Structure formats: structure tokens, C-alpha cells
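I have placed the structure first, in the form of C-alpha cells, so that the comments after it can refer back to it.
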Amino acid sequence: MKTEHATGDAPRLYQAILPDLQGALWNDVRNVHTLAWMVTGMLLSRRSTPSFWLPYVHSRAAFAQSSERRFQRWLVNKHLQPSLLYGEVITRALREWGQDTLVLALDTSVLFEKFCLIRVSVLFRGRAVPLVSRVIEHSSAQVDTDELLPVLAETKGLLDFVGIRQVRLLADRGFSGSNHIHPKTPVKKKSSSRTKFAESAYCALFWLKLWRMPQK
């Protein structure tokens, strides 16, 4: 199977994504181009499996398997931190938020019946755009406050950095107390290749939300 030239919306989407990713700190410029094609392939194929992205990827590789191996190497590259890369994208968007109240949602989801994704999202035009997330090894969507505090601390730090003060936080009835809105204890994150893939998928889902968003 040979790699086909990208057609249709792929080059246009790739060129739209690339400038926003280039602002991050990259250890190798080739990695940013790989990520841009990965996101392009995921959005247009609407599949999370790298083999489905290949028809949308423009590459010098003679065989599609070469591009797929390149994607796999990116996902297990220990020098790449998806949260830092995505942070550059979401920070740029928040800087231009304006004076409107920022509405956030705190939510949890179970992944593979083994991991729990804790996330704070921005509610925007009927969609939840990921802001801060953390994956822990926990088989239930109900988590202790000690697990929520690092996520809230990172959220507050990001909002302070971009100068947003008008915030409204939504959470389910299992989350109690406004005393947790100003956490003080930083917690060091641990990362694995599987959690890295989950975080990378959330980066791509952010682009999907913007791509499908109706234009004014």
C-alpha cells in the first residue's frame, strides 16, 4: 500500500493547524509537522486509529506503513509532553477571551475501565473545550478531593496567567465546597504512553470541535 497524496480539505486543514502548534517549544521541528498531520488525519477520518489517517497524509514516504510508524514513534516519544503542547493552543485562545464570564465544567470519565480522566473544560457555543486534564489509575468516576485539587490548581494558575477573573465553575452534586476553588498544594504529574495517547486524543478533539463549529 503506497501513501496517496493528500486531497480535498487535508492540505487546507493542515495549514490552518500548523501555525498554532509552532508556538510551542519543540525539541525537533519535524515533530510539529508530524503532529499537524496526525490531527489532520484524525479529524478528517473521524477515527482514532493511525492507520485510518494515512489517506489524508502528504508524505515523502513510499509506503503508508512508514507514516504509521512515524506516528507511533511520536506517541511514545518521552521528550514530548502533550499537556505542554496543547497549553500553547488554549492559552492563545484565552488571551483573546475578552470581558465575558468564562464558564467552566468539572467532570470525570472512566477510560478502559481502569483509568479516570479528570477534566476542566470551557463551555463555549454548546461544546466543552478541554482546558486542563489529568489521567489517574482509578476505575471509578468518583474521585477524592485530593485528586481534584491539582486539576483546580492548574486551572487557577492558567486563568491567573491570562488575566481572566470572571469565572463560573459548574460541577455535579458530588463536588462540594467553594473552599477548593483556591488550592495551594502543587502535585507532580506522572505520565505513561497510554495516558499520553489519551491526552493527545483530547488535543485532536479540540481541533475537531473548532473545525465543525458553525461560522458566524
Side-chain angles (χ1 to χ4, degrees), residues 17 20-21 24-27 31-32 34-36 38-39 41-43 46-50 52-53 71-91 93-94 104-124 127-159 161 169-176 180-181 183-210:
I17 292 172
D20 287 323
L21 297 179
L25 297 176
W26 293 92
N27 62 330
N31 287 326
V32 65
T34 299
L35 177 58
M38 289 168 61
V39 175
M42 179 178 286
L43 298 185
R46 300 187 180 185
R47 303 293 290 269
S48 60
T49 305
F52 286 94
W53 309 340
F71 297 157
Q72 295 293 349
R73 287 195 299 269
W74 195 100
L75 290 171
V76 298
N77 190 334
K78 64 180 181 180
H79 299 294
L80 297 174
Q81 295 298 326
S83 58
L84 297 179
L85 306 179
Y86 180 67
E88 175 66 26
V89 177
I90 194 66
T91 299
L94 291 176
L104 304 178
L106 174 64
D107 189 26
T108 57
S109 300
V110 177
L111 306 173
F112 314 113
E113 299 181 354
K114 184 178 180 181
F115 299 97
C116 180
L117 171 66
I118 306 171
R119 62 194 165 194
V120 174
S121 303
V122 176
L123 299 186
F124 179 64
R127 295 169 173 85
V129 180
L131 180 61
V132 174
S133 63
R134 183 186 185 210
V135 179
I136 62 174
E137 190 168 349
H138 188 67
S139 60
S140 172
Q142 295 182 344
V143 297
D144 295 335
T145 302
D146 290 342
E147 300 289 356
L148 297 175
L149 290 180
V151 179
L152 293 175
E154 187 174 348
T155 301
K156 184 179 183 298
L158 177 57
L159 297 182
F161 177 72
L169 177 65
L170 305 179
D172 61 25
R173 66 185 66 184
F175 178 77
S176 61
H180 304 310
I181 303 302
K184 298 180 180 179
T185 305
V187 175
K188 188 176 182 179
K189 294 183 180 180
K190 295 182 179 179
S191 180
S192 67
S193 59
R194 197 164 190 179
T195 58
K196 177 180 286 190
F197 181 82
E199 292 176 342
S200 298
Y202 253 84
C203 294
L205 287 175
F206 168 76
W207 286 109
L208 178 59
K209 293 173 188 297
L210 293 185

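Given the structure is predicted, the values throughout are model-derived calculations rather than measurements. Side chains included, hydrogens not; waters and symmetry mates left out as well; all remaining heavy atoms used.
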Would you say that Met38 contacts Leu75 through its side chain, given a criterion of any heavy-atom pair below 4.5 Å between the two side chains? yes
Query raised in the report: Can you tell me if Trp26 uses its side chain to pair, donor with acceptor, with the backbone of Leu21 under 3.5 Å?
Result: yes
Applying side-chain contact (heavy atoms from CB on, under 4.5 Å) to Ser139 and not counting sequence neighbours gives none
For Thr155, the side-chain hydrogen bond (donor to acceptor under 3.5 Å, both in side chains) test, sequence neighbours excluded, returns none
- [ ] State, yes or no, whether a side-chain contact exists between Ser133 and Leu117 at a heavy-atom distance under 4.5 Å.
- [x] yes
Separation between NZ (Lys78) and CG (Leu80), nearest 0.5 Å, reads 12.0 Å
side-chain contact (heavy atoms from CB on, under 4.5 Å) filter on Leu123, not counting sequence neighbours, yields Val103, Ala105, Ala128, Leu170
Would a 4.5 Å heavy-atom cut-off, applied to side chains only, mark Asn31 and Leu35 as touching?
no
Please confirm whether the backbone N or O of Arg47 pairs with a side-chain atom of Trp53, one donor and one acceptor, at under 3.5 Å?
yes
When rounded to the nearest 0.5 Å, the distance separating CG of Leu159 from CD of Glu154 is 10.5 Å
CG of Asp144 to NE2 of His138, rounded to nearest 0.5 Å, is 7.0 Å
Correct closest heavy-atom pair for Thr108 and Cys116 would be CB-SG, 4.0 Å
CD1 (Ile118) and CG (Leu148) are apart, to the nearest 0.5 Å, by 5.5 Å
The side-chain hydrogen bond (donor to acceptor under 3.5 Å, both in side chains) partners of Glu147 (sequence neighbours excluded) come to Arg134
In this structure, CZ of Arg127 is separated from OG of Ser121 (nearest 0.5 Å) by 13.5 Å
Next item on the list: Could you tell me whether the side chain of Val129 reaches within less than 4.5 Å of the side chain of Ile90, counting heavy atoms only?
Entry: yes
Would you call Ile17 and Leu43 a side-chain contact if the rule is heavy atoms closer than 4.5 Å? yes
